[in-house]
Every structure is written in C-alpha cells, then in structure tokens.
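Here's the structure we're looking at; comments come further down.
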Amino acid sequence: MAQPITLQDIYAARARIAGLARRTPLMPSPSLGRLLGGEVRLKLETMQDIGAFKIRGAANHILDLSPAERRRGVVTVSTGNHGRAVASAASASGVPAVVCLSRLAPAVKVAAIEALGAAVRIVGDSQDEAEVEALRLVADEDMVYVNPFDDPHVIAGQGTIGIELLEDFPALETAIVPLSGGGLIGGIALALKAAAPNVRVIGVSMQRGAAMIESLRAGRPTVVSELPTLADSLGGGIGLTNRYTFALVRDLVDATVQVSEAEISAAMRHAYREERLILEGGGAVGIAAVLAGRIADAGRTAIVLSGRNVDMELFTRIVTGDPSALPG
Ligand SMILES: *Cc1c(COP(=O)(O)O)cnc(C)c1O
C-alpha cells in the first residue's frame, strides 16, 4: 500500500467535513435484533442531504484542496452517489466541478447533477468513453480527479462513520457494511480496528459482479463482468491499479458475504415495512445478509444503511412484491 491512512487522518476528516456531512443517527432495530439474537442498530446514512454517505469522502477531498487546486477544479465520472457528492461538496465550497457522462446517462440524472451546481460534459456511448474524457481533463486542463473509493481523503472521510459508531455504541461487536470499491468499509475498518481491535467487520456485496470479493479470491485486483443488479451502487470494478482499498479490505475485513437479488429485494421490503425506511438496493445488502441467515454469532451489531437513492417507481414495485422488479 502507498502512504498509510491513520486514525488521526479520520479525526481530521471529521473536523473538516462537519459543515457538509451530517452526523447520522444510529437507530435500534428490535425486529432484526430478534432475528440475529443480539442487539442490532442501523446507521442511517440515508439521512445525508444527498441521500448517501459519499458526501463524507468527497467533502474531505474537496475541502482539503490547496488554493491552486481549488482554482483548477475537480472532475469525476460517476452518475451515481459519488457524482452527486462531488457536485454538492464542490458547489458548497465554491470549487468548479465537471461530471463526465456518456450519452446513455438518463436525462433525470443529468438534471440532478446540474441542479447540484456541477457542469455536465456528455461524451461517447459508454462509461469508459466518459472516463477517457475525465482523464483528458486531468491531463490537458489540469483538473483534479476525485476517485470514488481508491483515494486516501475519500477513505478517511468514509471512516468518520466508524468513529460515530463507537461513540454511539461503545459495546459494538460486529459492523456489517456494504462493499463495492471498498472505500466505505476500508475507512470504517481502519477506524474500528485502531480504536477497538476486537470489533468484527463484515463486508456485503451482491452475488452479481462483486469485484472486490472476486479480487480477494484471486489474490489481486481482478476484472469482473458487470450484470444488472438491484444494488447498482455496488457495481463497477476496483481498478486494476488499485492502490489502497484492495490491501485495506484484505488486511482488515474479517469476512465477506454475498446476497442474491431476491434477498436484496426482501431486505428493501423489510426496511420499508418494519423499519419505515426507504433504501436503495446497495443500502439494503447488510439487512439482506441478516435476513438470509448469513451472519452468525454477531452479538451487538451495527448495520450501515448506505443510501436511499432508488427510482421510486422501481421501489414501489419491489415493496409490493412485483416479481418483474427483479433483474432478469
Ligand atoms: C458507493 C456506495 C457503496 C459502496 O462504497 P464503496 O466505497 O465503493 O465500497 C455502498 N452503498 C452505496 C449507497 C453507495 O453509493
């Protein structure tokens, strides 16, 4: 791993992002506690203004730019929660931001990112072509690239969740965290293992296209094919030149679990009916792992509910049990 990230970096992130990211509630879930045979609490990252935790990492990166970097501006390619987070943190701190999208990006997403104050640049017919344009802006126009997960500031920002978990639940024994590129779980595991080494950290991905879990099995960053999934915010690769998160997850995460599309939809339904929460698929995988009986001996448990940005027409079909809501 390149330059290590420390607990001190995570505390520094917490102070830096306090004006842009909320300290979110940790809500007890008696129904999941009964199922798991322990006390269960839910970390509501759904309550961030952008509807997902990614504001923590993006804000930590953007608020720590030098004056020269602020003038150069930031660029990213994500259409999802990271794109929203970068747009929102950049506009709140007066930094120009460009989000590169392909022609396939739905108009609603383009409008949402523009509404958050970022410039949208539409290029090519795929995410890859959009990425080429983003990297060109970095090379030719000297813009600062904000990687969605493999970046020390982003990891430290997401790690602030770990500090909050221990403050609100000092007896915590197990943390269950959604896993994609590994910035979220990497930061949380760093904070937890530094302050409370006995806490177990469990990562949860979907069965379809879990790049980090396949990479762990292969022993190195690996490409997986992307498949449609309800957990769309967990899709995408970890980068063949991964610098931070692969090693962090390999070294600090105790176990990983994978959940099916039916299990993710059951978890979204459970969260809505029993907890009165709207979750996107990626935000529901921790609950899915518990409901599916894949978590044993967890004891006092926190489940990170990472986001709520789901299309409401799809959400309605899922919570009413419409089988057409599952990807084929
Ligand atoms: C990005 C994201 C994740 C995964 O975070 P990584 O740092 O890529 O592992 C989980 N849930 C939601 C809602 C996300 O947007």
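Whatever order the structure lists them in is the order used to number ligands and atoms, beginning at 1. Starting from 1, each residue takes its place in the sequence as its number.
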Show which atoms of ligand 1 fall inside a sub-4.0 Å distance from at least one heavy-atom site of [X].
X	value
N81	13 (C), 14 (C), 15 (O)
L184	5 (O), 6 (P), 7 (O)
S306	10 (C), 11 (N), 12 (C), 13 (C)

Provide, to 0.1 Å, the distance between [atom] and the closest protein heavy atom, together with that atom's residue and name.
atom	answer
atom 1 (C) of ligand 1	K54 NZ, 1.3 Å
atom 8 (O) of ligand 1	G181 N, 2.8 Å
atom 5 (O) of ligand 1	F53 CZ, 3.5 Å

Do [X] and [Y] have side-chain atoms, one donor and one acceptor, less than 3.5 Å apart?
X	Y	result
E280	S233	yes
S29	R41	no
T24	E45	yes
S324	D322	yes
E39	T301	no
T229	D232	no

> Given F149 and Y244, is the ring pair (Phe, Tyr, Trp, His ring centres under 6.0 Å) satisfied, shown in steps?
Replying inline: CA-CA 9 Å; F149 54 86; Y244 299 94; over 10 Å; no
>> Checking side chain to side chain donor-acceptor pair (under 3.5 Å) between H153 and each of N60, D9, N147, D64, which is the one that passes?
In response: D64
So for ligand 1, is [X] a polar contact partner (N or O within less than 3.5 Å, distance only)?
X	answer
L234	no
G182	yes
P178	no
G183	yes

> Counting only heavy atoms, which portion of E280 has something under 4.0 Å from ligand 1: side chain, backbone, both, or neither?
Replying inline: side chain
> Under 4.0 Å from ligand 1, counting heavy atoms only, is it the side chain of H82, its backbone, both or neither?
Replying inline: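 It is neither part, as no heavy atom is under 4.0 Å.
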> Could a heavy atom of I185 be found less than 4.0 Å from some atom of ligand 1?
Replying inline: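 Judged by the 4.0 Å heavy-atom criterion, I185 does not count as contacting ligand 1.
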